Visitor: 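Below are the structure tokens for one structure; questions will follow.
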Amino acid sequence: MHHFFYKNEELYCENIPLKKLAAEVGTPCYVYSHSTLQHHFNVFDGAFANVSHLTCYSVKANSNLSILRLFGSMGGGVDIVSGGELFRARKAGIPPERIVYSGVGKTVEEIDFALKEGILMFNIESTEELDAINSRAGILGCRARIALRVNPDVDPKTHPYISTGMKKSKFGIDVESALQAYEQAKNLDNIEILGVDCHIGSQLTEISPFVDALKRLRLLLDRLDAMGVSIRYLDLGGGLGIPYDQEAPPHPTDYAQAILQELKGLSCTLIFEPGRVIVGNAGILLTRVLYTKKTESKNFVIVDAGMNDLIRPSLYGSYHQIQPLQRKSTETQIVDVVGPICESGDFLARDRTLPVVASGDHLAVMSAGAYGFTMSSNYNSRPRAAEVLVKGDRYYIIRQRETWEDMVRLEEVAEFSQD
Ligand SMILES: *Cc1c(COP(=O)(O)O)cnc(C)c1O
């Protein structure tokens with residue numbers, strides 16, 4: 001469910017006609033719907049209303065401060081994967097006791113920052129990291145609250161780049177090694193064991209991998225109990241998918257039901273780290289048609305948004321629905337929608353049936369709210385797009401379009417000596 005819809009053949013976000021917004025803000029530009037963000041957060045969080053839980057939105061899906069602030073104001077916490085994300089979360093007012101920190105490569109600077117802020121817990125991904133965090137906590141005179149990220153070795157049946165819970169993946173610690181690591185953690189002076197964590201992948205469209213992982217975690221919890229390790233938090237990660245095309249991922253309430261079914265008799269506080277399922281369909285990328293071009297084999301629609309703005313089609317072969325802002329033609333054409341970047345991998349859609357469009361028309365690339373702006377870059381020296389949040393009949397620029405000056409701000413022309 002989202003608040004992007006046609007009225008009199010014009011695409012709207014809530015009460016704002018997107019053509020007007022595109023004219024005023026320019027393109028390319030990301031547009032998010034406040035009602036949709038709020039609704040998605042409530043649906044997910046509400047699905048666990050009857051149990052002790054904390055919804056820690058995954059910052060990397062969309063890390064704009066206004067969006068973090070919104071979820072924080074709704075009682076949400078965050079899952080971070082870097083010091084930069086912690087900085088954002090704190091700036092957006094997320095209380096430290098609602099922050100969990102995942103990721104395989106935390107640096108000393110990042111660990112120190114998180115310890116000083118007093119985050120809820122580190123999700124630790126290796127025994128070397130466990131030692132490093134113990135030692136930094138000792139130096140700073142505090143105790144680090146931790147969970148170990150367990151790799152349950154289940155196939156999430158998603159794109160290999162976003163599968164994270166299989167044996168060959170760099171993430172987490174396998175179950176047997178995790179038991180040893182908990183034993184080790186028990187004896188560390190500056191470590192407080194708080195939980196068990198697991199995140200098996202992203203864009204999952206079935207419930208069974210979540211359930212399989214959970215069954216393995218429950219066995220682990222029993223063994224930890226027998227070892228005298230008490231677990232207060234069970235972090236089940238994120239990963240619930242969204243419909244981009246024809247997929248029919250489980251609804252959050254079905255997901256919740258399946259999870260809660262498996263957890264009968266357990267008294268932990270549950271943590272979830274949803275990203276995509278909350279923001280994915282709450283955002284779109286607006287772009288303008290620059291040219292159309294017909295070659296012997298293809299019809300190209302060349303637009304002003306490229307793989308630097310939205311890399312998902314190039315990186316994962318992802319599908320994004322594309323819709324005109326103004327529906328006028330019923331005549332369709334099979335086209336490649338491509339950007340201005342000098343790479344053949346720069347496309348937003350391939351062999352797509354679209355209404356016939358012309359230079360100057362605008363298009364909406366749908367479901368671009370997650371891993372859209374956050375994965376964007378300045379490749380080809382293209383300033384990053386503006387971000388806009390629509391709420392009812394008002395809109396707010398929540399990130400200005402970068403300028404050419406912004407792009408070179410940190411650069412210096414080296415003055416070499418003459419010898
Ligand atoms: C990326 C990530 C998430 C969020 O995944 P979604 O598929 O967007 O829900 C949650 N937890 C961790 C550790 C992640 O790396």
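We're numbering straight along the sequence, starting at 1. Just follow the structure's listing: the first ligand is 1, and inside any ligand the first atom is 1. In this text, all values refer to a predicted model and were calculated from it rather than measured experimentally.
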Visitor: Look at atom 1 (C) of ligand 1 and say which protein heavy atom is nearest, naming residue and atom and giving the distance to 0.1 Å.
Guide: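 It is K60 NZ, 1.3 Å.
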Visitor: Check each atom of ligand 1 against the heavy atoms of G275 and keep those under 4.0 Å away; list them by number with element.
Guide: 6 (P), 8 (O), 9 (O)
Visitor: Is the distance between the ring centroids of F41 and F71 less than 6.0 Å?
Guide: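 When the ring centroids of F41 and F71 are compared, they turn out to be within the sub-6.0 Å range.
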Visitor: What I want to find out is whether E85 reaches R88 closely enough, with some N-O distance under 4.0 Å, to be called a salt bridge.
Guide: no
Visitor: E273 heavy atoms, cut-off 4.0 Å: which ligand 1 atoms fall inside?
Guide: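 Once the distances to E273 are compared, the set is 3 (C), 4 (C), 9 (O), 10 (C), 11 (N), 12 (C), 13 (C).
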Visitor: Can you tell me how far the OG atom of S33 sits from the NE2 atom of H40, to the nearest 0.5 Å?
Guide: 8.5 Å
Visitor: May I ask you to decide if the ring planes of Y12 and F5 are parallel, tilted or perpendicular, using 30° and 60° as cut-offs?
Guide: parallel
Visitor: Among all protein heavy atoms, pick out the one at the shortest distance from atom 7 (O) of ligand 1; state its residue, atom name and that distance to 0.1 Å.
Guide: S202 OG, 2.3 Å
Visitor: Answer yes or no for P274: is there a heavy-atom contact with ligand 1 below 4.0 Å?
Guide: yes
Visitor: Find all atoms of ligand 1 within a distance of less than 4.0 Å from any non-hydrogen atom belonging to R276, and give their numbers and elements.
Guide: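 Ligand 1 atoms under the 4.0 Å threshold to R276: 6 (P), 8 (O), 9 (O).
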Visitor: With distance as the sole criterion, is a donor-acceptor pair present between the side chains of Q203 and Y244 under 3.5 Å?
Guide: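 Side-chain D/A pair, Q203 to Y244: absent.
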Visitor: Measure the distances from the heavy atoms of D79 to every atom of ligand 1 and state whether one is below 4.0 angstrom.
Guide: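 Contact present.
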Visitor: Between R409 and D406, does any NZ, NE, NH1 or NH2 come within less than 4.0 Å of an OD or OE carboxylate oxygen?
Guide: yes
Visitor: If we only count N/O pairs under 3.5 Å, is G237 in contact with ligand 1?
Guide: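 For ligand 1, there is no N or O atom that lies under 3.5 Å from one belonging to G237.
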Visitor: Identify which one of V338, V365, V301 satisfies the side chain to side chain contact (heavy atoms under 4.5 Å, CB included) criterion when paired with L348.
Guide: V365
Visitor: Looking at E110 and R136, is any side-chain nitrogen of the basic one under 4.0 Å from a carboxylate oxygen of the acidic one?
Guide: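 No.
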Visitor: If the cut-off is 4.0 Å to any non-hydrogen atom of S102, which atoms of ligand 1 fall inside it?
Guide: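 Counting from 1, the qualifying ligand atoms are 13 (C).
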Visitor: State whether the shortest distance between N or O atoms of G239 and N or O atoms of ligand 1 falls below 3.5 angstrom.
Guide: yes
Visitor: Taking K215 first and then E262, would you say they form a salt bridge - that is, a charged N and a carboxylate O separated by under 4.0 Å?
Guide: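 Salt bridge present between K215 and E262.
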Visitor: Quick check on contacts: which atoms of ligand 1 are under 4.0 angstrom from a heavy atom of R149?
Guide: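 Under 4.0 Å from R149, ligand 1 has these atoms: 13 (C).
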Visitor: At a 4.0 Å threshold, what atoms of ligand 1 neighbour a non-hydrogen atom of G238?
Guide: 9 (O), 10 (C)
Visitor: Output the list of atoms in ligand 1 that are nearer than 4.0 Å to some heavy atom of Y371, sorted by atom number.
Guide: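 What qualifies from ligand 1 is 1 (C), 4 (C), 5 (O), 6 (P), 8 (O).
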